[in-house]
Amino acid sequence: MMPIVVAGSSHPGMAHSIARALGVKARFPMVERFPDGEIHIVAPAVEGTVVYVQTMHPYPNEMLTEMEFAVDLLKEQGAERVIAVVPYLAYTRQDTRHVDGEAVAVRTMLRLLEAAGVNDILSVDIHLHRLGLEDLSAMTSIKLHEVSAVDALAKEAGRFLNKPVVVGPDSESERWAKRAADLLGSNYDVLEKRRISPKEIEIRPKTMDVKGRDVLIIDDIVSTGDTIKKVIESLRAGGANKIAAAFTHGVLSGEDAAAGLYRAGADYLVSANTINNEFSRVDVGPIIAGKLKDLI
Ligand code: R5P
């Protein structure tokens with residue numbers, strides 16, 4: 001039996017895209033805010049497996065709260081299993097305690113979603129750096145699943161480039177850089193990144209010769225844009241030809257994030273639509289729907 005697809009308020013277009021790829025119609029419950037900020041949701045009666053779609057940007061805390069209220073309500077309304085499709089899963093960068101007393105926020109988030117009744121989470125290119133998917137899974141009884149937008153991103157950016165070399169900004173991006181290079185039949189390299197503070201990073205210049213070459217930079221998240229900006233600057237200094245950057249989640253949190261990438265010398269920017277932004281031309285709805293067919 002096909003699942004019922006229910007949209008959260010953060011990304012109705014994603015719910016629509018997933019539902020269309022599954023051959024069903026999404027439902028769009030009314031989500032309002034009272035004047036004091038409280039959320040008010042009215043959801044339809046449902047049954048069987050419900051796919052609840054909510055991305056976590058902008059306003060990750062608001063979106064998380066709405067998801068908890070909505071999933072709890074959907075369970076009351078008849079859902080037996082709720083698969084939360086969270087294309088951009090926030091809080092995954094807070095996966096460890098660096099100083100005494102610091103919250104491991106991703107664990108707290110998973111506990112909250114578990115308490116609300118989420119059975120599965122399906123996300124896209126989860127920011128798994130220090131931890132693997134098994135480590136995150138060990139924090140919760142929720143089953144975690146992941147799909148990747150990298151093939152589609154590489155294909156899209158590849159149309160613009162001639163035999164590009166693929167570059168990942170740091171060792172953590174290697175899994176995506178390798179995948180993109182395999183798809184494009186090219187080679188890849190990862191740079192050395194050191195984060196000095198949440199807003200300050202240092203990128204060691206690359207040893208690979210990019211002179212006259214087209215380059216595709218691949219990363220999972222562009223937040224302030226500083227990481228990609230520094231990579232572009234270093235590639236420009238190395239004499240690269242065309243430079244494209246493809247990333248799954250365009251958080252673009254700095255005021256100047258998008259403009260800064262062009263100013264640094266980017267020729268082409270593309271992201272997936274896990275978060276809507278001016279670069280989100282790759283629709284992950286069909287990729288998510290493909291995985292859902294396996295899960296249901
Ligand atoms: C880091 O580990 C991630 O893969 C991204 O490189 C990082 O989150 C990007 O952040 P920003 O755009 O703020 O430099």
Side-chain angles (χ1 to χ4, degrees), residues 55-60 86-98 102 104-106 109 123-133 135-136 146-150 153-154 157 166-181 188-206 215-236 243-266 268-272 274-280 282 284:
T55 204
M56 291 181 74
H57 186 79
Y59 313 117
V86 190
Y88 171 63
L89 190 64
Y91 283 111
T92 49
R93 285 181 286 182
Q94 295 192 53
D95 62 356
T96 196
R97 178 164 291 149
H98 300 283
E102 186 180 14
V104 180
V106 68
M109 177 185 74
S123 186
V124 185
D125 294 329
I126 303 176
H127 185 84
L128 295 167
H129 283 189
R130 285 166 286 260
L131 306 182
L133 198 56
D135 303 305
L136 272 194
E146 186 191 25
V147 289
S148 181
V150 167
L153 285 167
V166 179
V167 165
D170 48 28
S171 56
E172 293 90 353
S173 58
E174 180 159 3
R175 66 177 178 134
W176 295 297
K178 181 175 182 329
R179 191 167 171 154
Y188 75 93
D189 196 8
V190 291
L191 309 185
E192 252 181 80
K193 178 168 100 176
R194 198 166 69 89
R195 190 167 282 282
I196 300 160
S197 73
K199 291 190 165 171
E200 235 189 316
I201 51 158
E202 179 187 84
I203 298 263
R204 296 266 170 86
K206 55 192 305 343
V215 183
L216 171 60
I217 306 167
I218 286 275
D219 207 357
D220 59 341
I221 303 175
V222 170
S223 185
T224 61
D226 281 352
T227 301
I228 298 271
K229 209 160 73 185
K230 289 233 158 60
V231 176
I232 296 170
E233 283 163 0
S234 126
L235 293 168
R236 279 278 163 250
I243 300 178
F247 40 95
T248 303
H249 312 292
V251 173
L252 300 171
S253 55
E255 268 177 35
D256 194 37
L261 300 182
Y262 286 120
R263 201 179 302 123
Y268 184 75
L269 299 167
V270 62
S271 84
T274 56
I275 293 169
N276 274 322
N277 64 66
E278 63 184 289
F279 311 119
S280 51
V282 167
V284 290

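What you are looking at is a predicted structure, and each value in this text was computed from that prediction instead of being measured. What you see below is based on every heavy atom in this structure, not just the backbone, and it leaves out hydrogens, waters and symmetry mates. The residues of the chain are indexed from 1 along the displayed sequence. Just follow the structure's listing: the first ligand is 1, and inside any ligand the first atom is 1.
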Between M109 and M56, does the side chain to side chain contact (heavy atoms under 4.5 Å, CB included) criterion hold? Intermediate values first, please. CA-CA 12 Å; M109 177 185 74; M56 291 181 74; 3.7 Å; yes

Using a strict 4.0 Å cut-off to heavy atoms of [X], name the atoms of ligand 1 that fall inside it.
{"X": "V222", "result": "12 (O)"}
{"X": "G225", "result": "11 (P), 12 (O), 13 (O)"}
{"X": "D220", "result": "3 (C), 4 (O), 5 (C)"}

E172 near ligand 1 by a heavy-atom separation under 4.0 Å: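 Heavy atoms of E172 never come under 4.0 Å of ligand 1.
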
Does K229 have a heavy atom less than 4.0 Å from any atom of ligand 1?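 Contact absent.
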
Record the part of V251 in heavy-atom contact with ligand 1 below 4.0 Å; permitted values are side chain, backbone, both and neither.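 Under 4.0 Å from ligand 1, V251 contributes no heavy atoms.
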
At under 4.0 Å between heavy atoms, which part of T227 makes contact with ligand 1: side chain, backbone, both or neither?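 For T227, backbone and side-chain atoms both sit under 4.0 Å from ligand 1.
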
Check side chain to side chain donor-acceptor pair (under 3.5 Å) between D219 and all other residues, then give those that pass, not counting sequence neighbours.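 By the side chain to side chain donor-acceptor pair (under 3.5 Å) rule, D219 matches no residue at all.
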
Which residues pass the side chain to side chain donor-acceptor pair (under 3.5 Å) test with S280, sequence neighbours left out?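 Scan of S280 (side chain to side chain donor-acceptor pair (under 3.5 Å), adjacent residues dropped) gives none.
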
To the nearest 0.5 Å, tell me how far H127 NE2 sits from L89 CG.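 The distance works out to 11.5 Å.
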
What is the distance from atom CZ of R175 to atom CZ of R179, rounded to the nearest 0.5 Å?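 Nearest 0.5 Å value for the CZ-CZ distance: 9.0 Å.
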
Going by the closest heavy atom to atom 2 (O) of ligand 1, which one wins out of K193, R93, H129?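 Among K193, R93, H129, the closest heavy atom to atom 2 (O) of ligand 1 comes from H129.
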
From I221, D226, V231 - option closest to atom 9 (C) of ligand 1 by heavy atom: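 That would be I221.
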
One pair to check against side chain to side chain contact (heavy atoms under 4.5 Å, CB included): F247 and D125. What are the steps and the verdict? CA-CA 10 Å; F247 40 95; D125 294 329; over 6 Å; no

Is the shortest heavy-atom distance from the side chain of S223 to the side chain of R93 under 4.5 Å?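 In contact.
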
